[in-house]
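Step one of this worksheet: look at the structure below.
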Amino acid sequence: MSASTLVTEALAVFAKEVRSELRSRVAINAIGLFGLTTLVAVAYQIGPYQIHQQDRPHLLAALLWIIVFFAALSGLQRVFVKEEDAHTAKTLRLAARPLAVWGGKLLFNVVLLAALKTFLVPLYSVLMGMQVASVLPFIVLLAAGCGAMAATATIVAAIIARASRSGTLFAILAVPLMLPLLVMLIAGTRMAMTSPRWSDILPALQGVGALAGVTLIASVYLFPVIWHD
Amino acid sequence: MLCLAAVTPIVVTFSGLGKRFGSRTVLKGLSGELRPRRAVAITGPNGSGKSTLLNLLAGVMRPSSGSVSYLCADSPVPRQRWHALLGVAAPDMAVYEELSALENLRFFARLRGLGRSDGELERLLVELGLAARDVRRPVATFSSGMKQRVKLAQALVHEPAVLLLDEPSSNLDEEGHATISALVERLRGRAALAIATNDPREMVWGDERIHLGH
Amino acid sequence: MTDKAAVGIWHWLLGAWMVLVIYGAFFYAPTAQGFVGESARIVFFHVPQAWVSVLAFCVNLWASLRYLARRDPLDDARAAAAARLGLMFCALATVTGSLFAKVMWGEFWNWDPRQISIVILLLVYAAYFALREAVTDEERRGGLAAAYATLAFVTMPFLVFVVPRIYFSLHPDTLINVRGSIDMDPRMLRVLLASLVGFTGIFVWLYTLEVKLARVLIERRRRGES
């Protein structure tokens with residue numbers, strides 16, 4: 001098996017996902033509107049003036065990631081569920097190697113999450129008055145969180161697509177796996193808001209990076225088993 | 001005339017093949033082979049396991065017993081390479097409706113590492129009976145017969161050595177059936193072919209028959 | 001001596017052992033310093049329950065990996081049995097931990113990182129069974145459940161080891177701490193270790209029963225088909 005061929009196949013899957021999504025916009029609308037609606041509801045109820053100064057880092061960090069997390073839950077499973085719903089899963093199964101499918105769809109979910117955060121995080125900062133002491137570490141944390149969340153969501157989506165395709169089941173399976181990630185991301189964000197030092201955010205970054213790494217490695221072994229009966 | 005390049009002959013062998021769904025046994029102790037330049041018609045009443053057998057031969061379903069092997073010059077082909085040698089069209093498969101017929105074929109060709117030009121892909125679609133003006137329209141706007149032609153095209157785009165067809169002329173009119181009949185006649189000259197069908201017009205395409213039933 | 005007789009003796013010994021553990025927990029072990037009243041005695045039950053819930057998780061992983069390799073329905077039954085028992089012991093550990101928290105800190109739930117980690121283990125078990133219920137095809141169910149169990153297992157160390165070290169924890173210092181020493185009265189340690197052995201024995205007993213039942217059901221189905 002040639003590595004470049006696997007990459008080419010994965011990129012073909014990714015390109016197809018992007019083209020399909022730009023035409024149907026189902027996942028984009030789901031996660032974008034869910035994120036925006038939740039943010040508006042939170043900002044309206046709480047806003048930048050209702051939180052005491054000493055509570056701001058903790059609360060703002062937690063609220064940000066809860067909004068991102070639930071927005072992600074509303075749309076990331078579509079990459080696999082739509083294949084089963086449209087009866088294209090078998091066609092894809094017969095036409096491509098499992099890891100090419102996984103790689104392409106993972107990349108799509110990473111891009112989708114990155115787009116969500118690019119749109120949501122600045123808006124959140126403005127509406128909730130969130131100020132970050134160390135911007136670059138925070139951006140690195142956002143990127144690492146993207147990768148880790150997408151890695152977990154993609155493999156769980158593959159599992160539920162072969163089960164009941166239920167959105168509820170996706171949340172049930174994904175929440176316990178993502179909670180350690182959320183805890184570390186919230187801790188890292190809180191640090192980024194209060195401290196300009198990389199060293200303060202490093203433990204959280206290391207945790208998120210390591211979790212992303214083990215999830216990716218586990219996915220490489222598990223996806224072919226999940227994808228094929 | 002469909003332009004079909006020469007491909008490596010593949011023999012598909014299956015022995016002791018069985019499949020159980022819960023407590024229901026659908027297939028049991030089935031053995032045989034698909035050879036190049038031979039067509040096998042798989043017949044039987046509804047629920048006899050025709051589609052199940054094709055799924056097992058395609059490797060999308062794990063057998064409860066027995067095994068399936070793809071042999072190239074008597075050497076087994078690894079499972080992860082089957083997709084490059086195999087073309088399948090079945091009623092429970094679909095193509096991407098938000099893409100055009102041409103975009104679908106381009107995608108499936110790229111997945112197999114093939115650099116087919118749009119002209120070649122368009123020719124394949126037209127020879128399967130799709131009008132030239134339709135190849136760039138989204139598949140969602142197609143009739144069921146047109147979708148069936150696109151489905152067949154994705155099974156053929158990489159000139160497979162093994163072709164598994166499940167009711168290939170379903171949803172097609174008489175002209176469509178004639179197109180498929182001519183296609184099968186040409187493919188019989190090089191590929192290993194299996195056709196699962198209840199249609200008497202399709203049964204005659206087989207050089208031999210596997211009959212499943214109670 | 002027949003196998004049945006040997007098993008019977010082992011069950012009676014286990015029962016007697018647990019009676020001794022309970023006696024030791026309340027009368028032999030001394031009162032621990034730094035805890036409210038006699039509340040520390042719950043450690044002789046809470047810690048083994050938590051230990052068994054993690055042990056069951058490991059057995060579930062082992063059986064799941066075997067199923068993915070061999071596709072033997074008995075391995076799937078083993079995985080499900082371990083998960084069922086793990087869920088039960090995890091629930092018990094949560095309850096005993098909450099009782100201790102109420103006595104010690106005045107609230108049943110303090111959102112302590114260690115409390116959270118045991119609840120998330122509960123959620124993982126619950127998710128595992130929700131997935132099993134959602135799949136009707138037996139082979140697919142076994143494969144998907146095994147994949148999820150493997151995924152959950154690689155994620156859990158972050159929750160159990162990494163997160164509590166990022167956050168301050170109310171939870172008492174773990175038995176083996178960062179200094180590498182065991183800070184426990186020798187009598188308490190003896191009772192705790194005896195309780196660990198006893199609870200592990202209970203788990204092994206119940207697990208063996210479940211696997212035996214599964215074996216009988218699988219064999220009966222095979223004979224019915226042939």
Side-chain angles (χ1 to χ4, degrees), chain A residues 1-29 78-105 107-108 161-162 220-221 223-229, chain B residues 19 21 51-52 54-64 78-100 102-115 138-140 147 150-158 160 162-164 166:
Chain A
M1 173 168 68
S2 127
S4 61
T5 309
L6 195 59
V7 168
T8 314
E9 290 171 28
L11 287 175
V13 172
F14 170 69
K16 188 272 295 177
E17 291 298 324
V18 170
R19 187 173 286 121
S20 292
E21 186 56 38
L22 287 175
R23 289 190 192 163
S24 66
R25 286 187 290 277
V26 172
I28 291 172
N29 287 342
R78 266 198 59 79
V79 278
F80 284 107
V81 169
K82 69 179 181 183
E83 299 275 2
E84 298 287 345
D85 284 345
H87 302 287
T88 51
K90 184 176 172 182
T91 319
L92 189 59
R93 214 168 262 132
L94 286 161
R97 283 182 279 186
L99 287 183
V101 174
W102 172 76
K105 288 180 183 287
L107 187 56
F108 177 76
R162 305 284 280 151
V220 165
Y221 287 100
F223 183 77
V225 169
I226 295 164
W227 186 234
H228 280 292
D229 266 330
Chain B
K19 184 64 185 175
F21 295 104
S51 300
T52 302
L54 282 192
N55 284 333
L56 292 172
L57 295 177
V60 289
M61 200 178 265
R62 189 186 297 267
S64 304
R79 176 69 188 81
Q80 51 271 35
R81 297 305 311 167
W82 287 11
H83 72 289
L85 308 165
L86 175 64
V88 182
D92 59 348
M93 290 168 64
V95 292
Y96 295 96
E97 300 218 341
E98 64 275 16
L99 304 181
S100 69
L102 192 60
E103 284 168 337
N104 266 284
L105 283 203
R106 211 183 281 142
F107 171 60
F108 287 113
R110 271 196 200 136
L111 281 181
R112 279 129 173 159
L114 302 171
V139 171
K147 288 179 187 174
V150 180
K151 211 190 297 184
L152 286 165
Q154 66 78 31
L156 295 168
V157 70
H158 53 300
V162 179
L163 196 57
L164 307 176
D166 195 344

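So you know, we letter chains A, B, ... as the sequences are listed, proteins then strands, and number each from 1. We use all heavy atoms of the structure for the numbers below, so side chains are in, but hydrogens, waters and symmetry mates are not. Computed from a predicted model, the values in this text were never measured in an experiment.
Between chain A and the residues B:M61, B:R62, B:R110, B:K151, the most heavy-atom pairs under 4.5 angstrom are made by B:R62. Your options are A:P98, A:A89, A:A95, A:A10, and the one with the most heavy-atom pairs under 4.5 Å with chain B is A:A95. Note on A:K90, A:R19, A:R93, A:K82: by heavy-atom pairs under 4.5 Å with chain B, the leading option is A:K90.
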For a side-chain contact (heavy atoms from CB on, under 4.5 Å) check, start with the C-alpha distance between B:F108 and A:L94, then their side-chain angles and the critical distance, and finish with the verdict.
CA-CA 10 Å; B:F108 287 113; A:L94 286 161; over 6 Å; no
Quick one: do B:V60 and A:W227 satisfy side-chain contact (heavy atoms from CB on, under 4.5 Å)? Show the steps, please.
CA-CA 9 Å; B:V60 289; A:W227 186 234; over 6 Å; no
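When heavy atoms are compared at a cutoff of 4.5 Å, B:Q154 approaches chain A solely by way of its side chain, counted from C-beta outward. Within the 4.5 angstrom heavy-atom criterion, only side-chain atoms of B:A90, from C-beta onward, approach chain A. For a residue to count as touching a neighbouring chain, one of its non-hydrogen atoms must lie under 4.5 Å from one of that chain's; by this rule A:V13 touches chain B with backbone and side chain alike. For A:A96, the parts lying under 4.5 angstrom from a heavy atom of chain B are both the backbone and the side chain. Residue B:N104: no heavy atom, backbone or side chain, is found under 4.5 Å from chain A.
With a 4.5 Å cut-off on side-chain heavy atoms, B:W82 and A:R97 do not count as touching.
In this structure, a donor-acceptor pair under 3.5 Å is present between the side chains of A:S20 and B:E98.
At distances below 3.5 Å, at least one donor-acceptor pair connects side-chain atoms of A:T91 with backbone N or O atoms of B:A94.
Note on A:R23 versus B:E103: salt bridge recorded, some NZ/NE/NH1/NH2 to OD/OE distance being below 4.0 Å.
Atom-to-atom distance recorded for B:R112:CZ and A:E9:CD is 10.0 Å, nearest 0.5 angstrom.
The number of heavy atoms from other shown groups lying within 6.0 Å of OH (A:Y221) does not exceed 12.
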